[in-house]
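Presented below is the structure to which this report refers.
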Amino acid sequence: MVDTSVSLSGLVLDNPIIPASGTFGYGYEYAELYDINCLGSFSFKGTTREARFGNPTPRIAECPAGMINSVGLQNPGVEKVISEELPKLKECFSKKVIANVGGFSLDEYAETCQILDSQEQVGLLEVNISCPNVHNGGMSFGTDPKMAAEVTKRVKAVTTKPVYIKLSPNVTDIVEIAKACEDAGADGISMINTLLGMRIDLKTKKPIIANKMGGFSGSAILPVALRMVYQVYDAVKIPIIGMGGISTAKDVIEMMLAGATAVQIGAANLVNPFVCKEIIEKLPEEMAKYNLNSLSEIIGGAH
Amino acid sequence: MKQEIFVIKSQEKIAKDVFKMVLSGNTDDITASGQFVNIKLDGFYLRRPISVCDYDKNELTLIYKTVGEGTAAMSGYENGTELDILTGLGNGYDTSLSGEKPLLLGGGVGVPPLYNLCKKLVAEGKKPTVILGFNGADDVFYENEFKALGADVYVTTVDGSYGIKGFVTDAMSDIDYSFFYTCGPEPMLKAIYKVSKTSGQLSFEERMGCGFGACMGCSCKTKYANKRICKDGPVLIKEEIIW
Ligand SMILES: Cc1cc2nc3c(=O)[nH]c(=O)nc-3n(C[C@H](O)[C@H](O)[C@H](O)COP(=O)(O)OP(=O)(O)OC[C@H]3O[C@@H](n4cnc5c(N)ncnc54)[C@H](O)[C@@H]3O)c2cc1C
Ligand SMILES: Cc1cc2nc3c(=O)[nH]c(=O)nc-3n(C[C@H](O)[C@H](O)[C@H](O)COP(=O)(O)O)c2cc1C
Ligand code: FES
């Protein structure tokens with residue numbers, strides 16, 4: 001028997017497969033299709049203090065080997081997530097979940113994280129710092145190491161569960177941001193969020209996405225994600241949840257060799273709703289093929 | 001919702017750029033007219049949403065227009081090709097709202113989902129009237145199929161090259177109806193919304209990431225709640241629409 005278990009800051013997962021935030025809702029759409037308890041964990045839809053409708057539509061554009069989304073963090077707000085979504089999720093998922101948190105000010109991040117930290121179902125907090133900072137001219141928290149460190153400190157000060165900071169790849173030096181988060185007390189890093197992209201409709205000669213730009217993800221971004229995880233692994237000691245373009249068991253092994261302790265799978269769920277289950281079933285076979293007995297032993301193996 | 005492998009039984013061109021595809025496979029999860037399926041195409045990242053035109057236990061009929069690369073590729077598939085399809089998506093039309101004399105209005109490739117609806121309404125003993133709107137004579141399809149179901153059928157064309165000249169709304173005024181059902185381009189839906197004298201159900205389109213409610217790619221605001229076109233729609237009731 002091969003060992004697929006991994007540990008994220010003390011949270012032990014049966015396997016490293018985690019559906020990525022925004023692509024798995026609050027779980028129950030997929031629970032109609034298969035028993036989602038086979039997942040290592042899952043990261044729920046980015047949740048903010050207040051309810052958000054998000055961006056105008058069209059929010060989706062197809063790309064070769066990927067897609068652009070500009071959902072804009074549509075969610076019912078943290079209170080409704082706790083009163084309505086988490087109880088429903090509990091009925092179909094008995095393991096700990098990852099609470100993905102978005103925010104537009106330091107206070108908002110701290111408050112939302114504090115509220116979710118008190119939830120027994122939540123195993124760790126994943127703080128998405130790709131959102132624009134409304135108090136700072138709309139500049140993203142995730143593109144400035146000082147701001148990234150500030151969010152980390154504020155959240156750490158009010159929470160007890162492990163805090164993972166989710167990094168944006170739309171920066172010159174992602175290593176610098178990751179180090180700033182580690183220095184500020186982050187327990188781990190989640191990376192990468194989507195790459196800023198665009199498609200133009202030749203018939204209308206205008207951008208397809210109503211907001212013009214959106215986040216590009218899917219198979220095409222795997223090499224970018226691998227490179228960034230590899231670089232950050234060299235620079236920090238805290239665990240990394242690696243994601244970006246993963247759609248096969250082979251991709252999972254590759255991402256772990258680059259330095260990821262666990263992985264998330266995003267856009268691939270939307271095209272093949274069974275992809276996480278299929279990867280989990282395929283992992284032992286794929287490990288055997290490369291003479292691997294334990295997944296946790298291969299983390300960072302490419303260095 | 002179910003993921004099923006379907007096999008193409010036949011495919012034929014029925015109007016300009018419009019194809020009818022008949023597939024065999026398990027349709028158990030299709031529970032209402034106006035639902036749609038989401039088709040994986042080789043070489044394309046996202047699936048393609050297409051309305052259920054008709055179905056029985058092991059057969060599915062789709063009608064689609066080639067508007068881009070994905071639908072163009074579909075039109076070239078040989079009989080016997082296997083397709084990975086998510087079936088039974090969306091809410092579909094509610095026939096219990098129809099009253100005795102429902103009016104069905106379809107525009108272009110908004111016509112297909114009304115076919116199975118019309119069949120169901122006739123089977124329930126209702127007397128549907130159908131108005132099919134197209135751009136020109138080359139675009140017209142399914143007039144005889146609707147007639148064969150026993151419905152009163154009117155065809156309108158924008159350029160007047162076939163049937164009544166004008167839009168579906170131009171053919172509506174003299175008809176007495178108890179409820180309406182429609183699917184078609186948004187300007188048509190809006191025009192119907194404005195001139196209709198009864199309540200009705202309208203089917204919407206949006207670009208989709210998943211088609212089954214997971215990504216929030218297709219959200220819209222209604223008077224009562226935010227809805228996902230793919231899961232809480234594509235059919236909305238007139239009274240909840242914000243226009
Ligand atoms: C619920 C629903 C039911 C539909 N039913 C039918 C039908 O019965 N018959 C039919 O001919 N068409 C139908 N459509 C529209 C059909 O999905 C598009 O024409 C098709 O996806 C175009 O694909 P393409 O690759 O040829 O075009 P491209 O423009 O190359 O496609 C690029 C991307 O945009 C998306 N896209 C493009 N146009 C549309 C559109 N109008 N709506 C949604 N997504 C779009 C594609 O799915 C793809 O992801 C329906 C759409 C929806 C949402
Ligand atoms: C439709 C969609 C919605 C997303 N929403 C969120 C979100 O709410 N919060 C977040 O941190 N990341 C969000 N993401 C980013 C993913 O979690 C993931 O980081 C990214 O898509 C890269 O992985 P992938 O290539 O496997 O999709 C979203 C991605 C997609 C495709
Ligand atoms: S397309 Fe994903 S929620 Fe509707």
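Throughout, protein chains are lettered first and strands after them, A, B, ... in sequence-line order, and every chain is numbered starting at 1.
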Problem - Basic-acidic side-chain contact under 4.0 Å: A:E62, B:R48 - result: yes
Exercise for the section: Report the C-alpha distance between A:T23 and B:C215 in whole Å, list the side-chain angles of each, state the deciding distance to 0.1 Å, and finish with yes or no for side chain to side chain contact (heavy atoms under 4.5 Å, CB included). Expected result: CA-CA 5 Å; A:T23 63; B:C215 74; 5.9 Å; no
Handout entry: Under 4.5 Å from any heavy atom of chain A - which part of B:K231
Key = side chain
Practice task
Keeping the roles fixed (side chain from A:R59, backbone from B:C218), state whether a donor-acceptor pair exists under 3.5 Å.
Solution key: no
Handout entry: Most contacts with chain B, counted as non-hydrogen pairs under 4.5 angstrom, among A:G266, A:A65, A:A51
Key = A:A65
Practice task
Check for a donor-acceptor pair, side chain of B:R207 on one end and backbone N or O of A:I60 on the other, with a separation under 3.5 Å.
Solution key: no
Exercise for the section: Check A:E29 against B:F212 and note the closest heavy-atom contact, atom names and distance. Expected result: CG-O, 3.2 Å
Fill in the blank from the handout: Among A:A220, A:P64, A:P273, A:G25, the residue with the most heavy-atom pairs under 4.5 Å to chain B is A:P273
Completion exercise
The interface call for A:A267 against chain B, heavy-atom contacts under 4.5 Å, is both
Handout entry: Contact class of A:Y28 relative to chain B, heavy atoms under 4.5 angstrom
Key = neither
Exercise for the section: Pick one of side chain, backbone, both or neither for A:N75, based on which atoms fall under 4.5 Å of a heavy atom in chain B. Expected result: neither
Handout entry: pair B:V67-A:K203: side-chain heavy atoms closer than 4.5 Å
Key = yes
Exercise for the section: Let me know if A:Y30 has heavy atoms under 4.5 Å from chain B in its side chain, its backbone, both or neither. Expected result: side chain
Problem - Gap separating the CZ atom of A:F274 from the CG atom of B:L86, nearest 0.5 angstrom - result: 8.0 Å
Practice task
Identify the two heavy atoms, one from B:Y45 and one from A:V271, that lie closest to each other, and give their separation to 0.1 Å.
Solution key: O-CG1, 2.6 Å
Practice task
Please report the closest heavy-atom contact between B:S219 and A:T57, naming both atoms and the distance.
Solution key: O-CG2, 3.3 Å
Handout entry: Contacting region of A:S70 [heavy-atom separation from chain B under 4.5 Å]
Key = neither
Practice task
Check whether more than 12 heavy atoms from other residues, nucleotides or ligands sit under 6.0 Å from atom CG of B:D56, and answer yes or no.
Solution key: yes
